[in-house]
Structures are given as structure tokens and as C-alpha cells.
*Asks:* 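Dropping a structure here in C-alpha cells format, bear with me for questions.
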Amino acid sequence: MVPSMPELGQYDRYQRDAAVLATLGKSLLVDMPRIAVRIPVELADAASAAWSRDELDETRGETPEQERLRSLAGDLALVGLAIEERGQRSKAWVNVTLDAAVFASAIRASEDT
């Protein structure tokens, strides 16, 4: 039987769960897997352009939505970096391995639209 704990509010539990997830993430980073993907060349070119772009504007005072969008754009740029470093281009596709975290970000982004 698990010892009884004082009742926590749901957001206190969420905060504790988030801390556990962060610790788990740090342990997973040691052996970050890569996932082989095939990306249409048009999307690969857009990702490479995101990587090549310099973003010099201030980000102070961002709304949570602006911060989320900037984070997603950063993940797209990381796809572009992977393409530039190790992408294998054919006429219609680019084959590349992506870090699992970047792959997961792209999947989450697809679910948000």
C-alpha cells in the first residue's frame, strides 16, 4: 500500500509531473535516437531556408502564442540544419535522419493545425 500523501491541487500535481517528465527527457537525451524520414523537396527547401535565415529582431514582450510560433519556427530550422548536414537529395525527395525531438515537434505541429 502506498503511504498516504497530503492532497495536492491538480496544478501542483501537473507541476510535479512536468518536473518528472523534464528529468526523464534529460536522461533520454543521452541516447537521442534519430529517425529516418523522406521529405518532399519543396518542404526540405523551406526548412533549409529557415535554417539559413538570420532572426535579429527582439523577442522581449512576446505573448505565449508568439513564443510558441517562434519555437516551432526554430524546430523547422533544426530540420533544415539536419538536411544541410546529412540530407540525401533526389529529384522529388530528401532523405535525412532527424533527432527524435525534432520529429516529435513536427508531429505535434501537424496535430495543432
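Basis for what follows: all heavy atoms, side chains included, without hydrogens, waters or symmetry-related copies.
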*Asks:* Sort and list the pairs that fulfil salt bridge (charged side-chain N to carboxylate O under 4.0 Å, His left out) and have at least one residue in residues 72-97, not counting sequence neighbours.
*Replies:*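 For residues 72-97: Asp45-Arg89.
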*Asks:* Would you confirm whether Ser71, through its side chain, and Glu67, through its main-chain N or O, come within 3.5 Å as a donor-acceptor pair?
*Replies:*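 No; judged by distance alone, with no hydrogens or angles, the pair does not exist.
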*Asks:* Going through the distances and angles, do Arg16 and Asp12 end up as a side chain to side chain contact (heavy atoms under 4.5 Å, CB included)?
*Replies:* CA-CA 6 Å; Arg16 191 177 64 200; Asp12 292 331; over 6 Å; no
*Asks:* Answer yes or no: is there an ion pair linking Glu65 with Arg68, defined by an N-O contact shorter than 4.0 Å?
*Replies:*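 Yes.
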*Asks:* Would Ile35 and Leu43 show up in the same hydrophobic cluster when neighbours are defined by side-chain heavy atoms closer than 4.5 Å?
*Replies:*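 Ile35 clusters together with Leu43.
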*Asks:* Pairs in or reaching into residues 92-102: which pass salt bridge (charged side-chain N to carboxylate O under 4.0 Å, His left out), with residues at least two apart or in two chains?
*Replies:*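 Residue pairs passing salt bridge (charged side-chain N to carboxylate O under 4.0 Å, His left out), neighbours aside: Arg34-Asp99.
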*Asks:* Could you go through the side chain to side chain contact (heavy atoms under 4.5 Å, CB included) check for Tyr14 and Gln10 one step at a time?
*Replies:* CA-CA 6 Å; Tyr14 298 160; Gln10 73 185 48; 3.8 Å; yes
*Asks:* Any chance you could measure Ile83, atom CD1, to Leu78, atom CG, to the nearest 0.5 Å?
*Replies:*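 So the CD1 of Ile83 and the CG of Leu78 are separated by 11.0 Å.
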*Asks:* Hey, any chance Val96 and Ile107 share a hydrophobic cluster, counting ILVMFWY side chains that come within less than 4.5 Å of each other, even indirectly?
*Replies:*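 Looking at the clustering, Ile107 is in the same group as Val96.
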*Asks:* Report, as yes or no, whether the 6.0 Å neighbourhood of atom CD on Gln88 holds more than 12 heavy atoms from other residues, nucleotides or ligands.
*Replies:*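 Counting neighbours around CD of Gln88, 12 or fewer heavy atoms of other residues, nucleotides or ligands fall under 6.0 Å, so no.
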*Asks:* So, taking the atom named CH2 in Trp51 and the one named CG in Leu76, what distance separates them when rounded to the nearest 0.5 Å?
*Replies:*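 Nearest 0.5 Å value for the CH2-CG distance: 12.0 Å.
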*Asks:* Do you know the tightest heavy-atom contact between Leu72 and Ser105?
*Replies:*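 Answer, listing the atom of Leu72 first, then Ser105: CD2-OG, 3.9 Å.
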*Asks:* Testing the basics here: between Leu98 and Ala82, what is the closest heavy-atom pair and its distance to 0.1 Å?
*Replies:*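 Taking every non-hydrogen atom into account, CD2-CB, 3.8 Å.
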